[in-house]
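Shown next, in structure tokens, is the structure this report addresses.
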2 protein chains.
Amino acid sequence: MIQQVSEKQAREAVGDDPRERLLLAAGREFAERGYEAATVRDICLAAGANGAAVNYYFGDKRRLYIESVKHAHEQRVRQVPEPKWAPGTPPQQKLRDFLGNTLERMLGFGQPPWQVRLMLREVLQPTEACRELVEDYFRPHFDLLVSILAELAGSRLDEPHLRRLAVSVMGQCFVYRAAGDVVGMLVPEEELATLHTLDELADHVSAVTLAALGAGPALTLSTGSHTAAASESRSL
Amino acid sequence: MIQQVSEKQAREAVGDDPRERLLLAAGREFAERGYEAATVRDICLAAGANGAAVNYYFGDKRRLYIESVKHAHEQRVRQVPEPKWAPGTPPQQKLRDFLGNTLERMLGFGQPPWQVRLMLREVLQPTEACRELVEDYFRPHFDLLVSILAELAGSRLDEPHLRRLAVSVMGQCFVYRAAGDVVGMLVPEEELATLHTLDELADHVSAVTLAALGAGPALTLSTGSHTAAASESRSL
DNA sequence: AATTGATTGAAACGCCTGTTTGAAACGGTG
DNA sequence: CACCGTTTCAAACAGGCGTTTCAATCAATT
């Protein structure tokens, strides 16, 4: 009874397309529990659809999963588009903006985005959906980073070395998404709230990278907001 | 028939303790397939034990899992112990050694160690076994890194900032373990074989960290083996 | 050799899974 | 209104899951 009311609400909020509702519910469930642990029944219940609907629209649990991954990734790209810069923007600021954007995508301050959790599962244990995800979503982002690093490096580093540095940069962000719980256990709570926020981390990774490139000073204690772009949302 | 022969072989190779055999088979299976997808039946088959054995020795699939995680981690610690240095060893070399050790643990050149895969699952999605894993295994390693960084930083950085940098350092290694497949898709194959080997990566992360600390030069193309300790196993 | 407690074995138990079924309800078209 | 392809539904299906059962076996003690 109560179930039916919330079904109707969900139906009206999301739209009347049952296929869409299934994709959404499936994404959430797969992200939360993983492929094996998520059940078709729970997904259909959450989507307000019958158990046979998944078979009707997707034929299969596996194909529902693949479609839900693609769906989530398309949705996420629309949510956090890549930053654009006016020509002549200094590469230091580009790097800082890029890192803010990346951390926003990964950590998704506001609400923890299930889409990212779902994509993370693909990264950690690639299935059929992964290759597509890399080409459409990760590669452009990664190439953009490489181009920014190239601007900063001048002719001191070639593309292979730039790519390796780019992996280092992404790794520093990625660890907070993938191993956030462990980081939370290793670092005191009050430190997490002050030094490991989105803005602070963007500044920090930016500083490390610039120093590695010889395009900025080494780390010091007085690294408040050494880049102009950092002064947007200071919450603490 | 053939099954029974291999059972006997496994029994003799590993030792006659069925509990041990179960822990080993369980670790391998859980690491490969994940908790939900791994079945008690397969584990018992691989261990050459009866289906009732897991209930007899551990009572439960969940408790078997927890015990197998602990077992794997204890085993892994014995396999790759932390490096020890003579007093007076320069911190630059300590850092390089530490990174080689860390990457060895994580990437486990030689054979891909299922123990690490199993622990990785705990890191990404902590269960009951995680807290213990962090305190016994990760925290000492992490603290050691922080102490090395402290030596290198002198008084330029305080502990909170050192910890943040330590997360950056670990992140650069971690990304290769957790997202290795995606890295492999983003970086050309010949580059992987030359610039992303264990030794090369240890040199690279070391160089980035030293530059960030102001304890070393910025990255350049001629970074062969800028630290003396790097000249052990040059394979390419 | 008999007894006892610990261990192993084959079989079965519910339960929950993904999937299928066939009929009912729907919604536009003649 | 009758028609018909599309979509929904409740119910059931076979199969695999973790777990339990209880008798058979083993190893050591009496």
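By convention in this document, chain letters (A, B, ...) are assigned in the order of the sequence lines, proteins followed by strands, and residues within each chain are numbered from 1.
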Pick one: which of A/Glu132, A/Arg105, A/Glu74 meets side-chain contact (heavy atoms from CB on, under 4.5 Å) with A/Tyr137? A/Arg105
When you look at A/Glu200 and A/Thr194, which way does the side chain to side chain donor-acceptor pair (under 3.5 Å) test go after all the steps? CA-CA 8 Å; A/Glu200 274 290 332; A/Thr194 56; over 6 Å; no
Taking only the side-chain heavy atoms of [X] (C-beta and beyond), determine which of [options] contains the nearest atom.
| X | options | result |
| --- | --- | --- |
| B/Tyr57 | C/dT8, D/dC9, D/dT8 | C/dT8 |
| A/Asn55 | D/dT8, C/dT19, C/dG9 | C/dT19 |
| A/Tyr56 | D/dT6, C/dT8, D/dC9 | D/dT6 |

Please state how far atom [atom1] in [X] lies from atom [atom2] in [N], giving the value in whole angstrom units.
| X | N | atom1 | atom2 | value |
| --- | --- | --- | --- | --- |
| A/Arg21 | D/dT7 | CZ | P | 13 Å |
| A/Leu22 | C/dT19 | CG | P | 13 Å |
| A/Arg33 | C/dT17 | CZ | P | 10 Å |
| A/Leu45 | D/dA10 | CG | C1' | 14 Å |
| A/Phe30 | C/dT17 | CZ | C1' | 13 Å |
| A/Arg19 | D/dT8 | CZ | C1' | 17 Å |
| A/Glu29 | C/dG18 | CD | P | 11 Å |

Does A/Glu32 come within less than 4.0 Å of A/Arg28, counting only side-chain N to carboxylate O? no
May I ask you to decide whether A/Arg163 forms a salt bridge with A/Glu159, counting only side-chain N to carboxylate O separations under 4.0 Å?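 Judged by the 4.0 Å cut-off on N to carboxylate O distance, A/Arg163 and A/Glu159 do form a salt bridge.
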Could you walk me through whether B/Arg76 and B/Gln79 satisfy the side chain to side chain donor-acceptor pair (under 3.5 Å) test, starting with their C-alpha distance in whole Å, then the side-chain angles of each, then the deciding distance to 0.1 Å, before giving a yes or no? CA-CA 5 Å; B/Arg76 192 67 189 152; B/Gln79 280 177 17; 2.6 Å; yes
Identify, residue by residue, the members of residues 60-68 of chain B with a heavy atom below 4.0 Å from DNA chain D, and return them in order of residue number, or none.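 Within this stretch, B/Asp60, B/Lys61 sit under 4.0 Å of the strand.
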So, with a heavy-atom separation below 4.0 Å from DNA chain D, the residues of residues 34-42 of chain B are B/Ala38, B/Thr39, B/Val40, B/Arg41
Pairing residues for B/Arg41 by the side-chain contact (heavy atoms from CB on, under 4.5 Å) criterion, not counting sequence neighbours: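 So B/Arg41 forms a side-chain contact (heavy atoms from CB on, under 4.5 Å) with B/Thr39.
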Report yes if some heavy atom in the side chain of A/His204 is under 4.5 Å from a heavy atom in the side chain of B/His161; otherwise report no. no
Minimum heavy-atom separation for B/Ala129 and B/Val69, please, with both atom names. CB-CG1, 4.0 Å
Using a heavy-atom cut-off of under 4.0 Å over every strand shown, decide if A/Ala52 touches base, sugar-phosphate, or nothing.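 Result for A/Ala52 = base.
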For the residue pair A/Tyr65 and A/Tyr35, does the interplanar ring angle fall in the parallel (under 30°), tilted (30 to 60°) or perpendicular (over 60°) class? perpendicular
Short side-chain N/O contact to D/dA10 OP1/OP2 from A/Asn50, under 4.0 Å: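 Yes.
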